[in-house]
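Quick note: numbers below take in every heavy atom, side chains included, and nothing from hydrogens, waters or symmetry partners. Throughout, protein chains are lettered first and strands after them, A, B, ... in sequence-line order, and every chain is numbered starting at 1.
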2 protein chains.
Amino acid sequence: MEQNDLKKAGLKVTLPRVKILEIIESNPDWHMSAEDVYKELLNRGEDIGLATVYRVLTQFEGADILKRHQFEGGKSVFELISKGDHDHLVCIKTGSVEEFHDPIIQERIAAIAEQYDFDLTDYSLVIYGISGAARVKKK
Amino acid sequence: MEQNDLKKAGLKVTLPRVKILEIIESNPDWHMSAEDVYKELLNRGEDIGLATVYRVLTQFEGADILKRHQFEGGKSVFELISKGDHDHLVCIKTGSVEEFHDPIIQERIAAIAEQYDFDLTDYSLVIYGISGAARVKKK
DNA sequence: GTATATGCAAAGGATTTGCAAGCAA
DNA sequence: TTGCTTGCAAATCCTTTGCATATAC
C-alpha cells in the first residue's frame, strides 16, 4: 500500500505523509487543494499543520506521486499521477472538473514541440465552459 | 491610436492607462507581468504606482484588450488580444515563450466540449519543454 | 463641477521558511 | 544516535483594497 509508494519515492514513512496520501487516494473527486487536505485531516482528528501539508504535497509532486494543476484562481490543486494521462474540462459556474483523453490532440502537441525544436517535457490543457448541469440550475 | 481603444472600451483616457497601453504595445516579447510593466514605467520616468498597474491591467482584461495567462509560477502575464488566436510553448530553462496556432487542436477542443455538453467559453493550452536555444547554452 | 481614477499604505490570501523539538531508521 | 520531519509563527510573494487627493470631461 502507501508505505511502498513512499519508500520507492525515497521518502521516510511518517504519519503525516501516510495520512495525506490516504486522504488523496480516498477522495471522491481526486482534485484537492492544500486547504482541502488540511480540513480533511482536521475532520479525521489528525494533528498535522498546514505548513506540513504544503511541504508534503510539494514532496509528492517532486516524487511524481501527484500532479499539480493551477486551474484559474490562485489555488493549486493536486491529483494522483497514477490516474494516468488525461486533460480537464472545468465548469466556470460550478468549478466542477471532468476529465478527457484525446490522442489526436496529444499527437499534435508532440508534433508541434518537434517542429519548434522543443524537447517536450509536459503540457497543460484545460477547457473552460459551462456544463450542462450548471445550465439547468440557472434556468 | 490608443486613445480610441480606451474610449471604445468605455475607459476614461487617463495618463496611466495610455502609458501602460503604450508599453505593452511596444514590448518586444508581448508577455508582461504587472511588475514588468511597473519597472518599465519607472525606466521611462513615469510616476505611477504598482497598485494602479494592477488595476489598469485588470480593467484591460475586462475590456478584452488584454488576455491574462498564468504560465507556471504564481505570476500572471498579459498580452494583447489583438495578436489573435494562438497558444504557447514555454521553455522551462529560459522562460522564453513562443506562439503557435493549430486548427486541428482547436477543432478537437470544440468537439470535446460539445461531447461533454459544455458551452465552450475558453481554453488554455501551454506546452512546456526545453528549447533548442537552451540546449545549446547548456552544452 | 462631479464622478472616476490615482497613490500610498495597509490588508489579503496562498505558500514558504527558520528554528527548536520530535520521530524514524 | 543522527539526520530527516514536524509544528508553530513569522516571513514572503503577488495582488487587492480603503481612503483622501487629484484628474478627465
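Atoms NZ (A:K39) and P (C:dA14) sit 9 Å apart, rounded to a whole Å. Counting to the nearest Å, the P atom of C:dT6 and the OH atom of B:Y38 are 15 Å from each other. Taking atom CG on B:L6 and atom P on C:dT6, their separation rounds to 10 Å, with Å as the unit. Between the CG atom of A:L15 and the P atom of C:dA25 there is a distance of 12 Å, given to the nearest Å. One interatomic measurement links the two molecules: CD of A:Q70 to C1' of C:dT15, which rounds to 11 Å at whole-angstrom precision. As a whole-Å value, the separation of A:F71 CZ from C:dA14 C1' is 17 Å. Going from atom CE of A:M32 over to atom P of C:dA14 covers 15 Å, rounded to whole Å. In this structure, CD of B:E35 is placed 13 Å from C1' of D:dT12, rounded to the nearest angstrom.
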Please report, to 0.1 Å, the donor-acceptor pairs under 3.5 Å made by any side chain of residues 106-116 of chain B, with sequence neighbours excluded.
from	atom 1	to	atom 2	distance (Å)
B:Q106	NE2	B:D85	OD2	3.1
B:Q106	NE2	B:Y123	OH	2.9
B:R108	NE	A:D102	OD1	3.4
B:R108	NE	A:D102	OD2	2.9
B:R108	NH2	A:D102	OD2	2.4
B:Y116	OH	A:E99	O	3.3

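Annotation: proximity of residues 41-52 of chain B to DNA chain C (heavy atom, distance under 4.0 Å) is found for B:D47, B:I48, B:G49, B:A51, B:T52, numbered in ascending order.
Residues A:D47 and A:K19 are not paired through a salt bridge, judged by the lack of any N-O separation under 4.0 Å between the basic side chain and the carboxylate. Salt bridge present: A:E61 and A:R68 bring a charged side-chain N and a carboxylate O closer than 4.0 Å.
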Q: For the pair A:L6 and A:K12, evaluate side-chain contact (heavy atoms from CB on, under 4.5 Å) and give the outcome as yes or no after the intermediate values.
A: CA-CA 7 Å; A:L6 292 174; A:K12 211 177 274 187; over 6 Å; no

Q.
The test is side-chain contact (heavy atoms from CB on, under 4.5 Å); show your working for A:E22 and A:R17 and say whether it passes.
A. CA-CA 9 Å; A:E22 262 177 38; A:R17 300 216 259 238; over 6 Å; no

Q | side-chain contact (heavy atoms from CB on, under 4.5 Å) assessment of A:I24 paired with A:L57 | A | CA-CA 10 Å; A:I24 291 175; A:L57 291 175; 3.6 Å; yes

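Applying the ring-ring contact (aromatic ring centres under 6.0 Å, His included) test to residues at least two apart or on different chains, none of the pairs has a partner in residues 32-63 of chain A.
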Protein N or O to nucleotides 2-5 of chain D N or O, pairs below 3.5 Å:
from	atom 1	to	atom 2	distance (Å)
D:dC4	O4'	A:K12	NZ	3.3
D:dT5	OP1	A:R17	NH2	2.6
D:dT5	O5'	A:R17	NH2	2.8

Report all interatomic pairs (protein N or O, nucleotide N or O of nucleotides 11-13 of chain C) with separations under 3.5 Å.
none

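Between the B:H86 side chain and the B:G84 main chain, a donor and an acceptor come within less than 3.5 Å of each other. Proximity of a side-chain donor or acceptor of A:T121 to a complementary backbone N or O of B:Y128 within less than 3.5 Å is detected. When atom types are taken as modelled, the side chain of A:N43 and the backbone of A:E40 share no donor-acceptor pair closer than 3.5 angstrom.
A:S33 comes within contact range of no nucleotide atom at all, as no heavy-atom separation falls under 4.0 Å.
B:V37 and B:I81 end up in different hydrophobic clusters when Ile, Leu, Val, Met, Phe, Trp and Tyr side chains are linked at under 4.5 Å. A single hydrophobic cluster is not seen to contain both B:I104 and B:L125; linkage of ILVMFWY side chains at heavy-atom distances under 4.5 Å, directly or through other members, places them apart.
Side-chain nitrogen and oxygen atoms of A:S76 include none within less than 4.0 Å of the OP1 or OP2 phosphate oxygen of C:dA14. For the pair A:Y54 and C:dT16, the criterion of a side-chain N or O lying under 4.0 Å from OP1 or OP2 is not met.
In the set D:dT6, D:dT15, D:dG18, the nucleotide with an atom closest to the side chain of A:V56 is D:dT6.
Remark on the helix from C:dG1-D:dC25 to C:dA25-D:dT1: inter-end axis angle 30°, axes from five-pair C1' superpositions, rounded to 10°.
In summary, the side chains of B:H88 and B:E98 do not present any donor paired with an acceptor at a separation below 3.5 Å, with no hydrogens or angles considered.
Relative ring orientation between A:H31 and A:F71 is described as tilted, the plane-to-plane angle lying within the 30° to 60° band.
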